[in-house]
Protein chains: 2
Amino acid sequence: MTDIPTIVTVLDRAGYRLTEPRRKVAGLISRRDGHFSAADLVDDARERRLDVGRATIFRALELFTELNAVERVDLPNGDHAYVECEPVHHHHVICSQCARTTEVEACGMPAVARDVGRRTGFKIQSHRLELFGICPECQAANSRHG
Amino acid sequence: MTDIPTIVTVLDRAGYRLTEPRRKVAGLISRRDGHFSAADLVDDARERRLDVGRATIFRALELFTELNAVERVDLPNGDHAYVECEPVHHHHVICSQCARTTEVEACGMPAVARDVGRRTGFKIQSHRLELFGICPECQAANSRHG
DNA sequence: CGCTTGACGATACTCAGTCTCATTTGCTAG
DNA sequence: CTAGCAAATGAGACTGAGTATCGTCAAGCG
């Protein structure tokens, strides 16, 4: 839901070339709402006859991920997916019905991490937190004709 | 680190056949210390000439996961791995140096989930939390000759 | 405008995980 | 103890994600 300029700007600022294929991939991502896989983008590209190579899409995703314009998440079923996001530490709430995602800072986490560190003796370096549930829109839709 | 009987008992109680291949896979898992992948078990089996088919190992892992004798985790690099564990809700702390894992109940999580639910309007159903860090043993080893 | 180098696309490849199907084996009933 | 059946196995084909290679192309600089 961020617009293309965001990703493009990040690319530019990091000193990478603003190539046509990269703009196209950025465009495809910005049209997306929830999480998506590399395969989704490949399909999108083919559908819209964008003529972007498969490898290029993977490379773009890898680059965007590195630049924090996009983030990899792991779905409950184990599949990999990506979500567009702001380049600050945060977590995602993922709707298991429509795949829409929201970012939250989850400010309670540092306390949890600290607590776990104290109890286990581990020096906690990082964590991965993903929350799954039903978004407000789907809840409303469900109660209307559920 | 749990012993073979644990997994075998769980199998039995759930009404599944106690076959030789399943015992072997359970044995391989119990010999493992940290997280492991299906490929690791395949290698172990070949090394020890256990004669267990690849498909069987995948099937056994799937079954054990379903019975909560084992859990799937996602490593920071996106790889899939499994850890043996107790069948109650909990989370894993994973040593990024030696792969050893510890279980914690992470009792602060419900509060975080509730808070996130309130702020985003999502009805939170489940979450995935994995913590990565350095375990006490590795910390000690590092400071000795680091 | 022309050069240099990073990026591209086609394609071959690898590897995890799944599926199929003929064979085997755990279990149970007799 | 044995027979028989369904569940499970193993070999190997298959799929699909992701990676590597390499000749060609074009972004961006001077």
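Chain letters run A, B, ... following the sequence lines, proteins first and then strands; every chain starts at 1. Model, not experiment: these values are computed from the prediction.
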Rounded to whole Å, the CG-C1' distance (N77(B) to dT19(D)) equals 15 Å
CD1 of I57(A) versus C1' of dA20(D): gap in Å, rounded?
-> 18 Å
Would you mind reading off the distance between F58(B) atom CZ and dT15(D) atom C1', rounded to a whole angstrom?
-> 13 Å
Set of residues satisfying side chain to side chain donor-acceptor pair (under 3.5 Å) with respect to H35(B), sequence neighbours excluded = none
Non-neighbouring partners of D43(B) that pass side-chain contact (heavy atoms from CB on, under 4.5 Å), sequence neighbours left out | R46(B)
Residues which pass ring-ring contact (aromatic ring centres under 6.0 Å, His included) with H127(B), listed by chain and number, not counting sequence neighbours | H89(B), H91(B)
Check side-chain contact (heavy atoms from CB on, under 4.5 Å) between S37(A) and all other residues, then give those that pass, not counting sequence neighbours.
-> A39(A), D40(A)
Contacts satisfying salt bridge (Lys or Arg N to Asp or Glu O under 4.0 Å) that involve residues 87-99 of chain B (not counting sequence neighbours) are none
Spacing of D51(B) atom CG relative to dA8(D) atom C1', expressed in whole Å | 16 Å
Which residues satisfy the side-chain contact (heavy atoms from CB on, under 4.5 Å) test with R72(A), sequence neighbours excluded?
-> H80(A), Y82(A)
Closest nucleotide of DNA chain C for T56(A) versus for S37(B): which of these residues is on the 5' side?
-> T56(A)
Would E84(A) and R31(A) pass as an ion pair if we require N to O under 4.0 Å?
-> no
Take the C1' atoms of the five end pairs on each side of the helix from dC1(C)-dG30(D) to dG30(C)-dC1(D), get both axes, and report the angle to 10 degrees.
-> 30°
With a 4.0 Å cut-off, would you call R48(B) and D44(B) a salt bridge?
-> no
Here the salt bridge (Lys or Arg N to Asp or Glu O under 4.0 Å) pairs for residues 124-142 of chain B, sequence neighbours left out, are R128(A)-E130(B), E130(A)-R128(B), D74(B)-R128(B), R128(B)-E130(B)
Sequence neighbours excluded and cut-off under 3.5 Å, please list the side-chain donor-acceptor pairs for residues 49-68 of chain A, or say none.
| residue | atom | partner | partner atom | Å |
| --- | --- | --- | --- | --- |
| T65(A) | OG1 | L61(A) | O | 2.6 |

Give the other cluster members for I134(B), using side-chain heavy-atom distances under 4.5 Å between Ile, Leu, Val, Met, Phe, Trp and Tyr residues; answer none if it is isolated.
-> none
dG16(D) P sits how many Å from D79(A) CG, rounded?
-> 13 Å
Base-contact (B) and sugar-phosphate-only (S) positions in nucleotides 21-30 of chain D, heavy-atom cut-off under 4.0 Å, - elsewhere | B----BBS--
d(CG, D43(A); P, dA17(D)) in whole Å | 9 Å
For atom NE2 of H80(B) and atom C1' of dG16(D), their distance in whole Å = 14 Å
State whether R54(B) places a side-chain N or O below 4.0 Å from either non-bridging phosphate oxygen (OP1 or OP2) of dT9(D).
-> no
Contact interval (first through last nucleotide) of DNA chain C with protein chain B, 4.0 Å heavy-atom = dA16(C) to dC27(C)
